[in-house]
Trainee: 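A single structure is presented below for examination.
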Number of protein chains: 4
Amino acid sequence: MPDASPPPARRPRSGPRRDEAARLAVLHAADDLLVELGFGALTVEAIARRAGVAKQTIYRWWPSKGEILLDTLVEDSAKRLPVPVDTPTADAVRGYLRALARFLADDPAGKVLLALLAEAQHDPGTAERLRTRYLAPRREAERALLARAIEAGAFAPAPALGPDALLDALTGPLVYRALTGASVPEDVADALADALLGPAAR
Amino acid sequence: MPDASPPPARRPRSGPRRDEAARLAVLHAADDLLVELGFGALTVEAIARRAGVAKQTIYRWWPSKGEILLDTLVEDSAKRLPVPVDTPTADAVRGYLRALARFLADDPAGKVLLALLAEAQHDPGTAERLRTRYLAPRREAERALLARAIEAGAFAPAPALGPDALLDALTGPLVYRALTGASVPEDVADALADALLGPAAR
Amino acid sequence: MPDASPPPARRPRSGPRRDEAARLAVLHAADDLLVELGFGALTVEAIARRAGVAKQTIYRWWPSKGEILLDTLVEDSAKRLPVPVDTPTADAVRGYLRALARFLADDPAGKVLLALLAEAQHDPGTAERLRTRYLAPRREAERALLARAIEAGAFAPAPALGPDALLDALTGPLVYRALTGASVPEDVADALADALLGPAAR
Amino acid sequence: MPDASPPPARRPRSGPRRDEAARLAVLHAADDLLVELGFGALTVEAIARRAGVAKQTIYRWWPSKGEILLDTLVEDSAKRLPVPVDTPTADAVRGYLRALARFLADDPAGKVLLALLAEAQHDPGTAERLRTRYLAPRREAERALLARAIEAGAFAPAPALGPDALLDALTGPLVYRALTGASVPEDVADALADALLGPAAR
DNA sequence: TATTAATCGAGACGGTACGTCATGTCTTTTA
DNA sequence: TAAAAGACATGACGTACCGTCTCGATTAATA
């Protein structure tokens with residue numbers, strides 16, 4: 001009667017845990033390389049070199065370099081481009097759109113978003129993860145913001161567009177301009193709000 | 001008796017001219033590979049293999065694989081997504097936007113456009129050439145169409161948006177939806193036109 | 001009590017060491033290709049293919065394909081064409097010359113020597129390394145053999161030729177015959193010894 | 001009834017004959033490239049470029065670049081290293097050996113001979129043609145010279161070596177020294193003659 | 001306090017694609 | 001019809017990354 005004794009399935013863990021310093025070094029190295037040298041220079045080897053980290057350490061924790069960028073994007077845009085869910089006013093909505101314009105035009109993390117949108121065209125895995133971890137949650141928050149602002153009477157939105165299409169109509173042009181290398185001034189954000197959400201009832 | 005002066009003694013070239021069959025084989029091979037296997041499989045070696053052409057022949061005529069895609073995009077969208085410059089009516093504008101939605105959703109050349117927009121984020125050269133050879137001329141035609149339609153009283157456009165911003169507001173959301181993997185139904189095109197150009201004054 | 005001092009704390013390397021199996025596979029593949037298909041088929045790609053090895057592995061360890069051949073030559077001729085330094089007799093010298101004739105005529109490694117002599121005419125680097133790693137050490141051993149044989153009275157060598165010129169006179173004709181596609185019978189080796197070292201005073 | 005008139009069967013030639021200027025340009029370009037840049041730079045493309053000649057012109061007249069070198073070697077060494085067949089004296093023989101040493105050490109055509117010997121190791125066709133067009137005829141003349149010199153009592157050659165082996169013994173060491181990058185002083189030629197043809201009976 | 005197991009830097013490995021070069025054949029135009 | 005020009009299919013060059021792997025050394029929790 002072997003193995004009857006209790007020492008059960010799990011033996012939780014021993015050994016060192018994940019090295020936070022290495023994690024940050026990789027994230028920063030990826031960010032820096034993207035901004036300094038462009039996406040072409042963003043190879044796993046280059047990140048490992050720059051971060052002073054072994055390649056294996058990267059492959060152990062990230063399934064692809066897209067996922068590294070996604071980590072930086074999620075962390076950075078939570079900090080620097082929050083959706084103002086708690087203040088569903090017209091000003092908050094307009095302010096968010098302006099912040100998005102600035103994010104795309106100036107913030108390094110904006111470049112990361114563009115790079116990930118690009119990479120998503122080439123790799124379905126990246127597309128899926130970008131949607132799941134970034135686009136969908138953010139869209140959810142944006143939708144909530146807008147719904148509560150409309151409910152509060154801040155806007156009289158155009159009737160023809162549903163909530164999602166409306167948000168695409170507000171944010172899509174900003175992203176499109178950034179993707180095509182055009183400038184993304186804050187006025188454009190304002191003008192879009194005026195045209196689509198009703199004349200500045202602020 | 002025109003051209004009486006003697007032909008000016010030029011001796012331009014001898015030797016064989018560019019092989020049109022090879023050019024087309026490359027273009028089609030690139031297109032097919034992109035649609036069938038995705039951008040990841042779109043290597044110069046694979047194009048050459050599929051086209052039955054030597055790599056050197058590709059490098060002789062195209063500076064990068066982006067330029068190959070650009071050639072197919074320019075040729076295909078001249079055929080399948082013409083800007084109706086000669087009929088500046090409300091219907092023509094709405095029809096063009098619907099055609100753009102279909103182009104992005106269904107046409108293989110739509111995939112090429114998305115791939116090039118993506119590649120442009122990674123490579124400044126591709127960005128520049130995409131702008132020069134595709135985006136700028138098309139935008140020029142679109143601008144002309146819209147101007148003449150407004151002049152003819154077909155629309156009463158929103159005041160806050162200039163011509164370029166207006167076109168970004170009309171086409172940007174469609175492209176953005178395609179880039180994020182969302183569907184691009186023709187209704188969205190209609191709704192955008194309604195919202196931004198004034199309620200269907202047709 | 002030697003080595004009382006503590007081992008000097010060196011930490012040479014971690015990670016995987018050089019793969020001996022890969023090294024031998026490359027050496028044998030090069031050898032085989034040269035013998036079976038001739039020098040023209042001896043490309044780095046073909047060696048890699050035949051050895052089941054990545055090209056990069058070859059470039060990691062050998063600066064050129066000449067160096068690969070040199071490795072096989074050094075190892076093979078240490079085994080199959082040793083200089084009999086320990087028995088400085090007339091018989092040993094004559095036997096060595098006969099062995100050289102056989103080596104050039106029949107041994108695959110003889111073909112390697114001829115190929116390297118040829119390659120050395122085309123590439124100064126190969127010339128230098130062939131001299132340093134093969135010709136010079138071998139010549140040194142030959143010189144020692146001959147000197148001790150003469151000292152022991154085994155020969156009364158021709159006066160006009162110094163040691164090096166004498167060895168060139170003995171071995172040069174054999175190599176030259178091999179290079180020009182002539183046969184290299186052992187008699188020629190004997191006849192050279194007779195003519196240059198004095199009539200078989202053994 | 002056509003062609004009844006005398007102009008008989010053969011139609012000798014029409015169109016331009018072989019362009020002698022192009023032939024010489026190719027020969028000189030090959031020679032120059034070999035001396036200036038080494039064998040590695042001696043490609044058909046480079047020869048054509050340097051000679052200002054189309055590649056096809058080279059392929060039309062020479063089966064390989066070895067044949068080009070062979071043409072220059074045959075022409076140059078007929079001029080600069082003639083076998084003194086008409087004066088079968090000891091001095092003539094010794095002079096010829098000294099001239100061979102100088103040819104190998106200093107003459108550009110000597111480099112061509114070494115390059116061809118090398119190329120012959122890699123390519124059987126070159127080997128065959130080198131033998132047929134250069135080595136064999138020259139050896140024939142050398143043999144005749146030596147035979148007549150011996151007949152005239154100029155030498156009492158070593159008995160063990162037949163005529164061919166004797167010539168290999170005289171010339172082989174000189175070529176071998178040149179191939180291994182050693183110097184080829186004229187003394188060596190003299191010493192070989194002394195050792196193999198009997199003590200300077202001049 | 002030893003054992004044990006996971007992490008880490010390093011880097012070798014089999015691959016694939018890169019962009020360049022030379023090969024030898026061919027086609028077009030000029031002389 | 002020879003020659004210059006040069007496009008073409010082929011295939012090797014040497015380099016860069018890919019993602020996997022193995023090596024020792026290090027570092028925690030477990031026993």
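Quick note on labels: first sequence line is chain A, next is B, and so on, each numbered from 1. Just so it is clear, the model here is predicted, and its values are computed rather than measured.
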Trainee: What I'd like to find out is whether the side chain of C:D31 reaches to under 4.5 Å of the side chain of C:D76, using heavy atoms alone.
Mentor: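 A side-chain contact under 4.5 Å exists here.
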Trainee: Figure out the CD1/C1' separation between C:I47 and F:dG14, and round it to whole Å.
Mentor: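 To the nearest whole Å, that distance equals 14 Å.
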Trainee: B:I58 has an atom CD1; how far is it from atom C1' of F:dT10, in whole Å?
Mentor: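 That distance rounds to 14 Å.
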Trainee: Whole angstrom is fine here: how far is it from CD1 in A:I68 over to C1' in F:dG19?
Mentor: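 Atom CD1 in A:I68 sits about 13 Å away from atom C1' in F:dG19.
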Trainee: When you measure from the side-chain N and O atoms of D:W61 to the phosphate of F:dA2, is any distance below 4.0 Å, counting only OP1 and OP2?
Mentor: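 Looking at the OP1 and OP2 atoms of F:dA2, neither is under 4.0 Å from any side-chain N or O of D:W61.
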Trainee: Check every atom of F:dC8, F:dA4, E:dC13 against the side chain of C:D19 and return the nucleotide holding the closest atom.
Mentor: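 Ranking F:dC8, F:dA4, E:dC13 by closest atom to the C:D19 side chain puts E:dC13 first.
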Trainee: From the set E:dT28, F:dC8, E:dC8, return the single nucleotide nearest to any side-chain atom of B:A22.
Mentor: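 Looking only at heavy atoms from C-beta outward on B:A22, the closest nucleotide is F:dC8.
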Trainee: Just grab all the side chain to side chain donor-acceptor pair (under 3.5 Å) pairs involving residues 65-75 of chain B, residues at least two apart or on different chains.
Mentor: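 For residues 65-75 of chain B: B:R23-B:E75, B:W62-B:D71, B:E67-B:R129, B:D71-B:R133.
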Trainee: E:dC13, OP1 or OP2 - any side-chain N/O from C:R17 closer than 4.0 Å?
Mentor: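 Negative; the distance criterion is not met.
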Trainee: Does a nitrogen or oxygen in the side chain of D:R60 sit under 4.0 Å from OP1 or OP2 of F:dA3?
Mentor: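 It does, given that an N or O in the side chain of D:R60 lies less than 4.0 Å from OP1 or OP2 of F:dA3.
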Trainee: In the structure I gave you, are the side-chain heavy atoms of D:L69 and D:L113 within less than 4.5 Å of one another anywhere?
Mentor: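 Not touching, per the 4.5 Å side-chain cut-off.
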Trainee: Between B:V35 and B:P108, what is the shortest heavy-atom contact and its length?
Mentor: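 Distance-wise, the nearest heavy atoms are CG2-CB, 3.7 Å.
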Trainee: Scan nucleotides 21-26 of chain E nucleotide by nucleotide, 5' to 3', and note B when protein non-hydrogen atoms come under 4.0 Å of the base, S if they reach only the sugar-phosphate, - if neither.
Mentor: BSBBBB
Trainee: In terms of side-chain heavy atoms of B:S14, which of E:dC13, E:dT29, F:dA7 is nearest?
Mentor: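 Side chain of B:S14 sits closest to E:dT29.
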Trainee: Heavy atoms from C-beta onward define the side chain here; which of F:dC8, E:dC8, F:dA3 lies closest to that of D:T57?
Mentor: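 So the side chain of D:T57 is nearest to F:dA3.
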Trainee: In whole angstroms, how far is the C1' atom of F:dA7 from the CH2 atom of B:W62?
Mentor: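 In whole Å, F:dA7 C1' and B:W62 CH2 are 13 Å from each other.
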Trainee: Would you check if B:T57 and B:R60 make a side-chain contact, meaning some heavy-atom pair closer than 4.5 Å?
Mentor: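 In contact.
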Trainee: If I take atom CG in residue B:L33 and atom P in nucleotide E:dT16, what distance separates them, rounded to the nearest angstrom?
Mentor: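 In whole Å, E:dT16 P lies 17 Å from B:L33 CG.
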Trainee: Relative to each other, are the rings of A:F39 and B:H122 parallel, tilted or perpendicular (30° and 60° limits)?
Mentor: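 Rings of A:F39 and B:H122: parallel, as their planes differ by under 30°.
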Trainee: Do you know the tightest heavy-atom contact between C:A109 and C:L73?
Mentor: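 For C:A109 versus C:L73, the nearest heavy atoms are O-CD1, 3.7 Å.
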